2 protein chains.
Amino acid sequence: MRSNPRTTGQSDAEPTFTEAARRAQILRHAIDVVADHGYAGASLNRIAEHAGISKGLISYHFAGKDDLLKAIVLDVFTRGGGFLYERETRKPATAGGALRSYLEGHLAFIGSHSREVGAVVEVVRNLRNDEGRLVYDNAWDAETYGELMGIFEAGQASGEFREFDPRVMAIAVRRVIDGFTFQVMGSPDVDVAAFTAEVVALFDHATTPRERS
Amino acid sequence: MRSNPRTTGQSDAEPTFTEAARRAQILRHAIDVVADHGYAGASLNRIAEHAGISKGLISYHFAGKDDLLKAIVLDVFTRGGGFLYERETRKPATAGGALRSYLEGHLAFIGSHSREVGAVVEVVRNLRNDEGRLVYDNAWDAETYGELMGIFEAGQASGEFREFDPRVMAIAVRRVIDGFTFQVMGSPDVDVAAFTAEVVALFDHATTPRERS
DNA sequence: CGAGGATTTGACCGCATGGTCAAAACTGTA
DNA sequence: TACAGTTTTGACCATGCGGTCAAATCCTCG
């Protein structure tokens with residue numbers, strides 16, 4: 001057989017042991033290449049060379065380059081979700097605590113997986129569909145604002161937070177979190193804990209009223 | 001003569017009227033194409049077609065694609081500087097006022113020049129030199145933090161601002177400002193004034209102490 | 001007009017890209 | 001051993017890329 005039926009969605013059988021391992025290996029090397037050379041520099045040839053395999057093998061395990069790049073996003077998101085799930089011991093009692101936990105969790109994941117997150121950011125910001133539109137557009141990452149906006153609305157309902165537009169605040173939080181990726185990728189010796197403390201304090205002040213309650 | 005001496009830096013004579021106009025025209029169309037199709041989709045062929053000229057003409061007026069892209073950045077930065085200069089009537093008296101002015105000025109420019117700024121962001125985030133490193137790296141945009149950090153340090157010295165890391169706060173401000181570009185590019189009907197007011201309030205609370213003085 | 005520089009075209013080059021495929025190699029089973 | 005299914009290779013393809021160049025055109029001024 002010349003191509004894998006699973007790559008074209010014609011089969012939903014259990015993936016072989018070999019297949020799973022090979023896909024994981026390709027994903028790892030693809031992440032490395034994207035992180036090192038950027039979206040434009042991540043060619044299938046370069047990824048194959050980096051992994052020590054032939055280019056055709058990538059086409060055998062993935063339907064195409066876009067499929068591979070989307071798989072990177074899915075893989076890192078899944079790992080990030082697991083990281084955050086294992087980290088959360090119990091639900092914070094206050095909205096401020098929830099926001100703090102959100103920031104600390106996400107920044108900790110980025111600090112310990114900067115290359116993976118960097119590759120994802122690269123793909124998300126650049127991958128376009130056939131019509132030339134971004135695959136991961138504003139509407140897409142608006143979905144990721146949901147959790148944050150929930151925290152903000154709860155805090156405002158309880159009077160813990162001041163009045164502000166939850167959407168704008170969510171955008172700001174996500175922008176600062178994603179920006180941390182570039183900081184740590186640009187200079188890997190940044191102090192994750194110090195940065196986290198600063199950001200937590202920043203948004204603590206930004207969300208709460210100035211007057212003491 | 002087969003190529004323009006000015007594109008290869010072999011002449012510093014006054015540019016012709018035709019040359020200046022042609023360069024400006026190419027820049028405008030290049031900005032359009034980058035804004036519409038992203039960095040990866042902005043080929044010389046596409047830019048030439050969009051401008052209704054031949055591809056060779058671009059090579060005649062610019063030393064190469066990289067030169068053209070850097071010219072986009074320089075052009076928009078120059079225009080932005082002029083915009084902000086004309087906007088500033090007089091120096092704000094307080095650090096809080098300076099920060100507010102900084103935010104309002106930059107967000108106003110983005111709101112009225114979203115495509116230009118979007119193209120610049122695309123180039124800055126993607127253009128790499130021959131060794132594969134980003135041309136506009138962390139060290140480069142750290143320079144743009146200077147003005148913000150000056151405002152923060154002045155405010156802390158006068159006791160107007162609380163104690164925080166000026167570098168982290170500057171990164172946060174720039175991230176939120178640049179993020180606004182994507183918001184307005186993704187949906188051009190966003191309310192610039194409302195967003196600006198929210199961001200001003202956000203960083204006003206973030207920088208000032210909670211206790212009333 | 002016509003000389004000469006400035007401008008513009010369109011054909012062309014070498015190269016890297018994403019993708020395909022027949023053949024080979026490998027693997028397990030009988 | 002022979003067989004069948006899976007996995008892997010390496011050569012190959014069409015396409016688009018950035019860039020070059022000889023030739024054609026335009027423009028200005030004597």
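Small disclaimer: the values here were computed from a predicted structure and weren't measured. When reading the values below, keep in mind they use all heavy atoms of this one structure, side chains included, and skip hydrogens, waters and symmetry mates. Throughout, a chain's letter reflects where its sequence line sits, starting with A, and its residues are numbered from 1.
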> Between A/Asn45 and C/dT17, is there a side-chain N or O to OP1/OP2 distance below 4.0 Å?
Replying inline: yes
> Among D/dT6, C/dT9, D/dC17, which is the nearest nucleotide to the side chain of B/Ser43?
Replying inline: D/dC17
> Residues two or more places apart in sequence or in another chain: which of them pass salt bridge (charged side-chain N to carboxylate O under 4.0 Å, His left out) with B/Glu122?
Replying inline: none
>> Any base atoms under 4.0 Å from A/Leu44, or only sugar-phosphate, or nothing? Heavy atoms, all strands.
In response: sugar-phosphate
> Excluding sequence neighbours, so at least two apart, what forms salt bridge (charged side-chain N to carboxylate O under 4.0 Å, His left out) with B/Asp36?
Replying inline: B/Arg115
>> Pick the closest DNA chain C nucleotide for B/Leu57 and for A/Gly41 by heavy atoms, then say which residue is nearer the 5' end.
In response: B/Leu57
>> In this structure, how many angstroms lie between the P atom of D/dC17 and the CD1 atom of B/Ile47, rounded?
In response: 10 Å
>> So, using ring-ring contact (aromatic ring centres under 6.0 Å, His included) as the criterion, who are the partners of A/His106 when residues are at least two apart?
In response: A/Tyr102
> Which of these nucleotides, D/dT8, D/dC17, C/dT17, is closest to any side-chain atom of A/Ser54?
Replying inline: D/dT8
> Is there a side-chain polar atom (N or O) of A/Arg22 under 4.0 Å from OP1 or OP2 of D/dT6?
Replying inline: no
> Any cation-pi pair here, A/Arg125 with B/Phe182, using under 6.0 Å and within 45°?
Replying inline: yes
Please list each protein N or O that sits under 3.5 Å from an N or O in nucleotides 12-15 of chain C, with the distance.
none

> Can you list the residues that meet the salt bridge (charged side-chain N to carboxylate O under 4.0 Å, His left out) rule with A/Glu88, with sequence neighbours excluded?
Replying inline: A/Lys91
>> Can you measure A/Gln25 atom CD to D/dT7 atom P for me and round it to whole angstrom units?
In response: 14 Å
>> Which heavy atom of B/Phe152 sits nearest to which heavy atom of B/Pro166, and what is that distance?
In response: CD1-O, 3.7 Å
>> Once side-chain hydrogen bond (donor to acceptor under 3.5 Å, both in side chains) is applied, do any residues pair with B/Asp66, and if so which ones, sequence neighbours excluded?
In response: none
>> Looking only at the side chain of A/Tyr60 (C-beta and beyond, no hydrogens), which of the listed nucleotides C/dT9, D/dT7, C/dT8 gets closest?
In response: D/dT7
>> Check this one for me: any side-chain N or O of A/Arg46 less than 4.0 Å away from OP1 or OP2 of C/dA16?
In response: no
> Of all the choices, D/dG18, C/dT17, D/dT8, which nucleotide is nearest to the side chain of B/Lys65 once you look at every atom?
Replying inline: D/dG18
> If you check the B/Ser59 side chain, which of C/dT9, D/dT20, D/dC17 turns out closest?
Replying inline: D/dT20
